[in-house]
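Each remark here refers to the structure printed beneath this line.
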Protein chains: 2
Amino acid sequence: MIQYYHINGELTPVAEAQLHVTDLAIMRGYGVFDYFRALGGRALFVEDYVRRFFNSASLLQLEVPCSQEELKERIQTLLDQNGEEKAGIRLILTGGYTTDSYTPVKPNLLILQHLYASYPAEAYERGIKMLTYDYRRELPVAKTINYVTGIRIQKWLKENGADAVLYYDNDTIKESDRSNFFLIDQSGKIITPKEEVLPGITRMKVIEVARELGFTVEERAVKLEEVFEAKEAFMTSSIKGVLPVVSMDGKAIGSGQVGENSRQLGLGFEALVERYIMAKV
Amino acid sequence: MIQYYHINGELTPVAEAQLHVTDLAIMRGYGVFDYFRALGGRALFVEDYVRRFFNSASLLQLEVPCSQEELKERIQTLLDQNGEEKAGIRLILTGGYTTDSYTPVKPNLLILQHLYASYPAEAYERGIKMLTYDYRRELPVAKTINYVTGIRIQKWLKENGADAVLYYDNDTIKESDRSNFFLIDQSGKIITPKEEVLPGITRMKVIEVARELGFTVEERAVKLEEVFEAKEAFMTSSIKGVLPVVSMDGKAIGSGQVGENSRQLGLGFEALVERYIMAKV
């Protein structure tokens, strides 16, 4: 049972995990976060996520009030205390209790544990449908807490029978609201946007897996039109792993079915996860 | 003394005004707010601010959990209870305690009272210096809590001897981080951006004042180059009123001194404030 969060260095009962309303996340949406899974009671790829969290903080001129090592220890303490084998872990660093309503002060550091989340299994069999949307995330390399556009357009996506969004800016595709995006072109080459996207940990791991499997991977600017000429497409995220995409703006991608390469990459990523957890437990 | 905030319909001692960390403002920066002054124990132009707050909420698909009338009553209750003649009032509406880390639920409504804030008096005598910055606020018509860029660039502004930022996008000027922006051209015409800016209440009042004083006011797209050909410039906000701008990117605007028209508009706005408060008290 999730009984505790870890708030500013203290294990805190979930119900008591509160912030004063002068926190800069509440006043000005100013904060960064990260999210990853735990399996077998161990945080998955935690070194990478913690490193990214520190980098996001630095891009917002916020100082994490402990070392990366100490943060990893606190995460493990929380997992041990709650005693769940599988979980989601969320790190949040806010601008702290501001005195002038604008200037960051001593940040608040929150470690939350969530129920283990997974994307519906049938989505991996049938693939998902996406719609494009003209938007570029602000400060895309930092994982800020700002999801105004992503949350606002959920209703529009549902009304149009879509499962997820693909952001583009000036005819160049970027990413989804909480996932990176990949194409496989007709020659079998794997292509994914490089600049102005979140440096996804699952993205990075899937690129490693793809190269091990012998794929050529190109990280570069990707034009919107390339999506419609692709053989396959998929999204990557901590929760989704490798999730096949079969339609964009109502047009089939490739055969309109889940592609063989996407499936292979999904299995390869799962095997990598398995190896990581086995080595830790 | 500010002893109370008004949280979800209840007068709440300041120290106890907290939100649980699952609030969508903390998790996803999802919320709207508004800010205005109180003078003589009465909220200034409160009808306009409350109307804008409801509009911002609606643009984020959030429902304010009371009527506009009820909200105005709660604001007055808070002012009466704290007993300060002069104050700042902040309304915040968040996405509420989300259960899936993403979907807005029952919003949390906060009414905070701050100390009365004012911009240093000498700034109105010497005028302020601005730097341009390439940025367009996300969903600019809504007053969302997202100030990631505005807060991040404060250090850069200071290091470059500037007092405030002017955002522009594709060579078209927009607004400052917390203020609207106006020019007065060589013919004495007042010009201010119309689209993709916050519909400022002080902006609107100053336009009324300007027209009463016989100025021609144009609300339209404004090119960056027009700034450097202007005779005068000024910013408007709840806290700043009419604040003269004398330099942009290190170049003098007009004479490089506070302009006569800006001064006149500032006095006209102050007189309007005076009339509003006198009618209410």
Side-chain angles (χ1 to χ4, degrees), chain A residues 5-7 12 14-33 35 59-62 88 90 92 94-95 98-104 108 110-112 114-115 117 135-139 142 144-156 177-178 239, chain B residues 5-7 12 14-33 35 59-62 88 90 92 94-95 98-104 108 110-112 114-115 117 135-139 142 144-156 177-178 239:
Chain A
Y5 292 159
H6 207 294
I7 309 294
T12 305
V14 166
E16 293 169 24
Q18 300 191 313
L19 290 182
H20 193 257
V21 295
T22 55
D23 186 88
L24 211 53
I26 299 167
M27 303 264 281
R28 299 289 180 176
Y30 202 79
V32 296
F33 80 111
Y35 180 92
L59 288 166
L60 260 69
Q61 299 156 14
L62 297 177
R90 182 181 308 268
I92 303 178
T94 72
T98 179
T99 52
D100 68 355
S101 314
Y102 210 60
T103 309
N108 285 309
L110 321 177
I111 313 174
L112 277 53
H114 299 300
L115 293 175
Y135 173 63
R136 182 178 51 176
R137 282 177 53 242
E138 188 177 338
L139 197 63
T144 72
I145 58 171
N146 173 24
Y147 281 77
V148 166
T149 295
I151 292 175
R152 270 185 81 232
I153 63 175
Q154 291 305 309
K155 203 176 150 205
W156 167 76
D177 59 340
R178 290 170 289 172
I239 288 180
Chain B
Y5 292 160
H6 207 294
I7 310 292
T12 305
V14 166
E16 293 168 24
Q18 300 191 310
L19 289 182
H20 193 257
V21 294
T22 54
D23 186 88
L24 211 52
I26 299 168
M27 303 264 281
R28 301 288 181 178
Y30 203 79
V32 296
F33 80 112
Y35 179 91
L59 288 166
L60 259 69
Q61 300 156 13
L62 296 176
R90 181 181 309 268
I92 303 178
T94 72
T98 177
T99 52
D100 68 355
S101 315
Y102 211 61
T103 309
N108 285 309
L110 321 176
I111 313 174
L112 275 53
H114 298 298
L115 293 175
Y135 174 62
R136 182 179 49 176
R137 282 178 53 241
E138 188 178 337
L139 197 65
T144 72
I145 58 171
N146 174 24
Y147 281 77
V148 167
T149 295
I151 291 175
R152 269 185 81 231
I153 63 175
Q154 290 305 308
K155 204 178 149 205
W156 167 78
D177 59 340
R178 291 169 289 172
I239 289 180

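Order of the sequence lines sets the chain letters (A, B, ...), proteins ahead of strands, with each chain counted from 1. Atom set for the values below is all heavy atoms of this structure, side chains included, hydrogens, waters and symmetry mates excluded.
Taking OG1 of A:T103 as the start and NZ of B:K155 as the end, the distance is 13.5 Å to the nearest 0.5 Å. One finds the CG atom of B:L19 at 8.0 Å from the CG atom of A:L19 (value rounded to the nearest 0.5 Å). Note that CZ of B:R152 is 10.5 Å distant from CG of A:L62, once rounded to the nearest 0.5 Å.
With contacts defined as side-chain heavy-atom distances shorter than 4.5 Å, the pair A:N108/B:V21 does not qualify.
Contacts of B:Y35 with chain A are absent, with no heavy-atom separation under 4.5 Å from either backbone or side chain. For A:L139, the part sitting under 4.5 Å from any heavy atom of chain B is the side chain, from C-beta outward, and nothing else. If you measure heavy-atom distances from A:L115 to chain B, you find no contacts under 4.5 Å at all. If you measure heavy-atom distances from B:A15 to chain A, the contacts under 4.5 Å come from the backbone alone. For A:L112, the part sitting under 4.5 Å from any heavy atom of chain B is the side chain, from C-beta outward, and nothing else.
Heavy-atom pairs under 4.5 Å with chain B were tallied for A:R178, A:E16, A:Q154; the largest tally goes to A:R178. Chain A forms more heavy-atom pairs under 4.5 Å with one residue of B:H114, B:E138, B:Q61 than with any other, namely B:E138. Between chain B and the options A:N146, A:T94, A:I151, heavy-atom pairs under 4.5 Å are most frequent for A:I151. Put simply, of B:D23, B:T149, B:L24, the one with the most heavy-atom pairs under 4.5 Å next to chain A is B:T149. For chain B, the option among A:Y135, A:F33, A:Y5, A:Y30 with the highest count of heavy-atom pairs below 4.5 Å is A:Y30. Top candidate by heavy-atom pairs under 4.5 Å with chain B, chosen from A:T22, A:V148, A:T144, A:D177, is A:V148. Contact count versus chain A (heavy atoms, under 4.5 Å) is highest, among B:L59, B:D100, B:I7, for B:L59.
Considering every non-hydrogen atom in both B:V14 and A:H20, the closest pair reads O-NE2, 2.6 Å. Across every non-hydrogen atom of B:R28 and A:R90, the tightest pair is NH2-NH1, 3.6 Å. When all heavy atoms of B:A25 and A:I26 are compared, the closest pair comes out as CB-CA, 4.2 Å.
Between A:Y147 and B:Y102, the ring planes lie perpendicular to each other; the angle is over 60°, past the 30° to 60° tilted range.
Just one residue in the list B:I92, B:I145, B:L110 forms a side chain to side chain contact (heavy atoms under 4.5 Å, CB included) with A:M27, and that residue is B:I92.
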